[in-house]
A.B. asks: 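One structure coming up, written as structure tokens, with questions to follow.
All of these numbers come straight from a predicted model, not from anything done at the bench. Each chain gets a letter, A, B and so on, in the order its sequence line appears, and its residues count up from 1.
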There are 2 protein chains.
Amino acid sequence: MTIQDVARRAGVSTATVSRALALPDQVTDATRQSVMSAIRETGYTPNAAARSLRAKSTKMVLVLLPGIGNSFFTPVLNALEEVFSEGGYGVLIGYTRQNRSRETHYARVIRAGQVDGVLVVTGNVPRDEEFVAVPATVPMSLMFSELPGTAQFSVFDVANRTASATMVRYLIEQGHRRIACIPGAEGSLESDERLAGYQEALSAAGLPIDPDLIWRGASNFDFISGERAAARYFALAEKPTAVFAAADEIALGFMRALKNHGIRIPEDVSVVGFDDTEYAVHYDPALTTMRQPRTEMGRLAARDLLRRMEAKGEAVPTSHVRLPCELVIRESVRPLV
Amino acid sequence: MTIQDVARRAGVSTATVSRALALPDQVTDATRQSVMSAIRETGYTPNAAARSLRAKSTKMVLVLLPGIGNSFFTPVLNALEEVFSEGGYGVLIGYTRQNRSRETHYARVIRAGQVDGVLVVTGNVPRDEEFVAVPATVPMSLMFSELPGTAQFSVFDVANRTASATMVRYLIEQGHRRIACIPGAEGSLESDERLAGYQEALSAAGLPIDPDLIWRGASNFDFISGERAAARYFALAEKPTAVFAAADEIALGFMRALKNHGIRIPEDVSVVGFDDTEYAVHYDPALTTMRQPRTEMGRLAARDLLRRMEAKGEAVPTSHVRLPCELVIRESVRPLV
DNA sequence: ATGAAAGCGCTAACAA
DNA sequence: TTGTTAGCGCTTTCAT
């Protein structure tokens, strides 16, 4: 069923059918009626490839995720799909898996004109040379990461440093003085920022920064990193009274490892996380953490990209948004005062 | 940069460029060389829309998910993306949200020829009339659900009933006699099957099926359903010694609610789940559950669809696969013998 | 082995 | 307001 069939059936030209669909006011009521009924009778749906070829727009967005099976991104993806599909755009999903060849693959997808925009949702922006040229081709945005000195894309991130400082300050207010930190994925921006926030809060309170209490070396923000950090805890002669984990999963892994050795939380040691994933509230003890507004970030980023994709020709200024996080107090911190 | 530019630069026709790319053996080494270097110099990438229009194939797959922010599907989606992109197919993602209008939207995407295949990953197959016609257009498969009497699509599911029976039998072997069941989302196939497995195991052991111990009425396989079931537990005069939850999240929600009231697990009551999501092993106590082979299911389903999409013309028989689950014994069951 | 040419289905000038 | 027509970029007969 092509536009030809509809045109024949309605007794008009293909151009009129096209107009009846795209610019209904440029067509008389009568013809629009007959075109519409012809469409209904034939069950016609415009062919996407033909339309794309002609219109030079595919109405599709590429969403690039790291893809380490991380459920942190589930609500983000949900929000993105919601806003994009509402705006008439399809969501093409790509997992880079920190893998060069997969990045190249998706760079090619973009160059093939398969998408009208790109959203990179990850701490690691593809290093592929081919990606350098992308922003010139189609609008591209970043989520949960930043790239210094690149004004050509919008970025949506949270105030990691401020949030971490707030969290550690809360711990201090609760009377904690010896506070450890598990900063998460070594070398990532989030990790650096959250560690900086931790140090900032300690310094502001006149507390020393003890290298023995900074448990580096994690390759990810996952359970296993928390379990590994537990070994550092046990090795310590003078234990901290509180631990700030840079992600909920790290906190959960850490707590589980401690509990295996009979350590009680928060009676023996307080633990806090970062993210506020779905499981934080259901754990025992329910985890005190910083809520990242994942759904809201997704919506904002999607709407911004939508606007920039629709702006045929004229340049829309890029957005640089840093959302605050929210301290969610639950049960995993014991007041020392 | 179009195929024209490359052709001019290499001093050949566009047809030759096309052949050099698609059928390299039909071209002399010399011409292929010059075409390739022309491609490199120009940075040419074939336009996807033009290719699709001509070839009547988009090299894209639509993956339809329920989209209730459920991280159960994270590894599934991961596996799907891996296999499809390896096979040269892009993954277009769609969340139906049990919403009629969104189903219609995606039915239209399919009819527009935007995808070469469809994978419905959900217990609820779209009811939209427009979907009835889909399997005739492009191959379509089902995951984690079945539709009786439909041989035209492949289906990949787990043996829910058998797995549940195995789980309950395990509980019985551990000496439990009074076993409750939280069957999960009312009216879903998974729920029905898992409940049936529970009843089957009880009957086989000569144990009575007590309606007071079947805590129906959940609208989903989520935490809240577990919390609600806890009320049923507390209301009961004669408590069960073990509870079979039809999903890990239900089990976690249930355990958390019990612990809030000072009930210890497994000392006071044993709890088991179903799924083996990432969090099951990190909970305290680590949850005894049935592992669903989510990644493997994703791979199998993707490969099957790939095969059927590639089979230009000739009919490939559909697959009907039911994978077994694996009992994972951890800490949430107390032996009574 | 290569080229010429038709055409996939649609949209948008331009004409009428 | 409507129709005619060109052409988006590619693949694929059919000739040569």
A.B. asks: CD of A/Gln26 versus P of D/dG3: gap in Å, rounded?
C.D. replies: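 It works out to 14 Å between those atoms.
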A.B. asks: For a quick check of understanding: with a heavy-atom distance under 4.0 Å over all strands, which category does A/Ala15 fall into, base, sugar-phosphate or nothing?
C.D. replies: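 Base: the residue A/Ala15, judged by heavy atoms under 4.0 Å, touches a nucleobase.
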A.B. asks: Contact class for B/Thr31 vs. all strands (heavy atom < 4.0 Å): base, sugar-phosphate, or nothing?
C.D. replies: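 Here B/Thr31 touches the backbone only, sparing every base.
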A.B. asks: Distance check needed: D/dT1 P versus A/Arg32 CZ, whole Å only.
C.D. replies: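 A/Arg32 atom CZ is separated from D/dT1 atom P by 11 Å.
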A.B. asks: Relative to the 5' end of DNA chain C, which residue comes earlier, B/Thr16 or B/Arg54, by the nucleotide with the nearest heavy atom?
C.D. replies: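 Per heavy-atom nearest nucleotide, the more 5' residue is B/Thr16.
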A.B. asks: Should the pair B/Arg294 and B/Phe73 be classed as cation-pi, given the thresholds of under 6.0 Å to the six-membered ring centre and 45° from the axis?
C.D. replies: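 No, a cation-pi geometry is absent between B/Arg294 and B/Phe73.
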A.B. asks: When the distance from CG of A/Asp5 to C1' of C/dG9 is rounded to whole Å, what number comes out?
C.D. replies: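 Answer to the nearest Å: 11 Å.
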A.B. asks: In whole Å, I'd like the distance from the CD atom of B/Gln114 to the C1' atom of C/dG9.
C.D. replies: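 Going from B/Gln114 (CD) to C/dG9 (C1'), I get 14 Å.
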A.B. asks: Atom CG of B/Asn47 and atom C1' of C/dC8: how far apart are they, to the nearest Å?
C.D. replies: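 Rounded to whole Å, this separation is 13 Å.
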A.B. asks: Does B/Thr2 put a side-chain nitrogen or oxygen below 4.0 Å from OP1 or OP2 of D/dC8?
C.D. replies: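 It does not, given that no N or O in the side chain of B/Thr2 lies less than 4.0 Å from OP1 or OP2 of D/dC8.
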A.B. asks: Measuring only between side-chain heavy atoms, which start at C-beta, is A/Phe221 closer than 4.5 Å to A/Ser188?
C.D. replies: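 Of all side-chain heavy-atom pairs linking A/Ser188 with A/Phe221, at least one is under 4.5 Å.
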A.B. asks: Below the 4.0 Å mark, does D/dG9 have OP1 or OP2 next to a side-chain nitrogen or oxygen of A/Lys56?
C.D. replies: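 So the side chain of A/Lys56 is within the cut-off, an N or O lying under 4.0 Å from OP1 or OP2 of D/dG9.
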A.B. asks: To the nearest angstrom, how far is B/Met1 atom CE from D/dC8 atom P?
C.D. replies: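 Computing the B/Met1:CE to D/dC8:P distance gives 15 Å.
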A.B. asks: Please tell me which of the listed nucleotides, C/dT2, D/dT11, D/dT2, lies nearest to the side chain of A/Val27?
C.D. replies: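 Among C/dT2, D/dT11, D/dT2, the one nearest the side chain of A/Val27 is D/dT2.
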A.B. asks: OP1 or OP2 of C/dC8 versus the side-chain N and O atoms of B/Ser52: is any pair under 4.0 Å?
C.D. replies: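 Result: no.
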A.B. asks: Under 4.0 Å: is that the gap between some side-chain N or O of B/Arg19 and OP1 or OP2 of D/dT11?
C.D. replies: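 No, outside the criterion.
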A.B. asks: Tell me: CG of B/Leu23 to P of D/dT13, nearest whole Å?
C.D. replies: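 My rounded result for the distance is 11 Å.
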A.B. asks: Do you see a donor-acceptor pair shorter than 3.5 Å between the side chains of A/Thr74 and A/Ser71?
C.D. replies: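 No pair is found: no donor N or O on one side chain lies under 3.5 Å from an acceptor on the other.
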A.B. asks: Any ion pair linking A/Arg9 and A/Asp5 (charged N to carboxylate O, less than 4.0 Å)?
C.D. replies: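 A salt bridge is absent here (no side-chain N lies under 4.0 Å from a carboxylate O).
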A.B. asks: Taking 4.0 angstrom as the limit, do A/Glu81 and B/Arg97 come out as a salt bridge?
C.D. replies: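 B/Arg97 and A/Glu81: salt-bridged.
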A.B. asks: Could you say whether B/Ala50 or B/Asp25 is positioned toward the 5' end of DNA chain C, judged by the nucleotide with the nearest heavy atom to each?
C.D. replies: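 It is B/Asp25 whose nearest nucleotide is closer to the 5' end.
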A.B. asks: Quickly work out the A/Arg111 CZ to D/dG9 P distance and round it to whole Å.
C.D. replies: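 So the two atoms are 16 Å apart, to the nearest Å.
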